[in-house]
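Read the structure below first, then the notes.
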Amino acid sequence: AAGLPPVPDEPPSQVLASGPDRFFLFSGGVAWGAQPDPFLKQVYGISSPFSLDLRGTFLFGERFGLGVGLAFHNRAGEGVAPSDTTAPVVMIWELPIYVEGMLRLLLWKSQPVVPYVRGGVDATLWRENFFISGTKYEVRGIKWGAHVAGGAQFRLPFPEINQPGRLIGDPVLDDIYLYVEGWARSANNLGSSPLDLSAGGLAVGITLLM
């Protein structure tokens, strides 16, 4: 028995599972926002304040990140018309596409709450449709701007993911977070239209650490 090799403390699969493979964040969520532009407030009121947001971020040391993302926002309202004309039904689509940097205050891998800030530059594509006397009209454009956001990622307790002794190899998914953040976007800096698509609000969603 003295000539036999020593028994390892843990299987090779568990050793691999604890390797430094965490380098990508994928986030998706719902944002609530308000747009202060007087024209938008008059035509669209407070209808459809929610938007969708998706983004991917490459991490460096799990604290610094560079990413891209997009959001989608659709609103319907009632246009302005002379007193003897039926007010037209109008609809606007907004599609902010952005690149950004992120800073995470991560001190250890199993940290339950990770504060973060992020910010970057935006190109907001927009299109508005309206009908007057049965005729459809459409205007579209692009607005350049910037955004900032800050909040926290709350690590969700999934034992089969969080425990270091997982069954097979090197799984793709390492952690799941619930994120809550405040955000603001300036979308009135450059563009062919005087329309101001700036907005701000709160967001909640899920972040996957891979």
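- In the hydrophobic cluster analysis, where Ile, Leu, Val, Met, Phe, Trp and Tyr join through side-chain heavy atoms closer than 4.5 angstrom, L70 is grouped together with W144.
- A side-chain N or O of S198 and one of D196 form a donor-acceptor pair less than 3.5 Å apart.
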Can you give the donor-acceptor pairs under 3.5 Å from side chains of residues 113-121 to other protein atoms, not counting sequence neighbours?
unit_1, atom_1, unit_2, atom_2, d
Y116, OH, E181, OE1, 2.5
R118, NE, E181, OE1, 3.3
R118, NH1, E100, OE1, 2.7
R118, NH2, E181, OE2, 2.6

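- Residue S51 holds its OG atom at 11.0 Å from CG of L95, rounded to the nearest 0.5 Å.
- Between L52 and V30, the closest side-chain pair of non-hydrogen atoms falls below 4.5 Å.
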Exercise answer: donor-acceptor pairs, residues 59-68 side-chain atoms, under 3.5 Å, sequence neighbours excluded:
unit_1, atom_1, unit_2, atom_2, d
E62, OE1, R22, NE, 3.1
E62, OE1, R22, NH2, 3.2
E62, OE2, R22, NE, 2.9
E62, OE2, K109, NZ, 2.6
R63, NE, L106, O, 2.7
R63, NH2, L106, O, 3.2

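- When the side chains of ILVMFWY residues are joined at heavy-atom separations under 4.5 Å, either directly or via intervening members, W183 and V180 end up in two distinct hydrophobic clusters.
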Quick one: do Y44 and V90 satisfy side chain to side chain contact (heavy atoms under 4.5 Å, CB included)? Show the steps, please. CA-CA 8 Å; Y44 296 100; V90 294; 3.7 Å; yes
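- In terms of hydrophobic clustering, with Ile, Leu, Val, Met, Phe, Trp and Tyr side chains grouped at heavy-atom distances under 4.5 Å, V139 and F39 are assigned to a common cluster.
- One finds the CZ atom of R140 at 12.0 Å from the CD atom of E128 (value rounded to the nearest 0.5 Å).
- By the side-chain contact (heavy atoms from CB on, under 4.5 Å) test, T207 pairs with L25, S27, Q153, Y177, Y179, sequence neighbours left out.
- As a member of the Ile/Leu/Val/Met/Phe/Trp/Tyr network built from side-chain separations under 4.5 Å, V148 groups with nothing else and remains a singleton.
- Considering L197, D53, T124 in turn, T124 is the only one that fulfils the side-chain contact (heavy atoms from CB on, under 4.5 Å) rule with P96.
- Across every non-hydrogen atom of A76 and M91, the tightest pair is CB-CE, 3.9 Å.
- Not one N or O on the side chain of H147 forms a donor-acceptor pair closer than 3.5 Å with the backbone of A187.
- With rounding to the nearest 0.5 angstrom, the CD1 atom of I142 is 7.5 Å from the CD1 atom of I97.
- Taking the side-chain contact (heavy atoms from CB on, under 4.5 Å) definition, one finds that I206 meets it with L156, I176, L178, L208, sequence neighbours left out.
- Residues W108 and P112 come closest through the heavy atom pair CZ2-CD, 3.9 Å.
- Residue F23 holds its CZ atom at 9.5 Å from CG of D174, rounded to the nearest 0.5 Å.
- Connection of F58 to L173 is established within a shared hydrophobic cluster, with ILVMFWY side chains joined at heavy-atom distances below 4.5 Å, either directly or through further cluster members.
- The closest donor-acceptor contact from the side chain of D37 to the backbone of L195 lies at 3.5 Å or more, if one exists at all.
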Would E94 and Q35 count as a side chain to side chain contact (heavy atoms under 4.5 Å, CB included) here? Give the steps. CA-CA 12 Å; E94 301 172 36; Q35 295 181 289; 3.0 Å; yes
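- Applying the side-chain contact (heavy atoms from CB on, under 4.5 Å) test to N129 and every residue at least two apart in sequence or in another chain returns W93, R127, K136, E138.
- By the 6.0 Å contact criterion, CZ on F72 is enclosed, its count of non-hydrogen atoms from other residues, nucleotides or ligands being greater than 12.
- F24 and L54 fall within a single hydrophobic cluster, where Ile, Leu, Val, Met, Phe, Trp and Tyr side chains are chained together by heavy-atom contacts under 4.5 Å.
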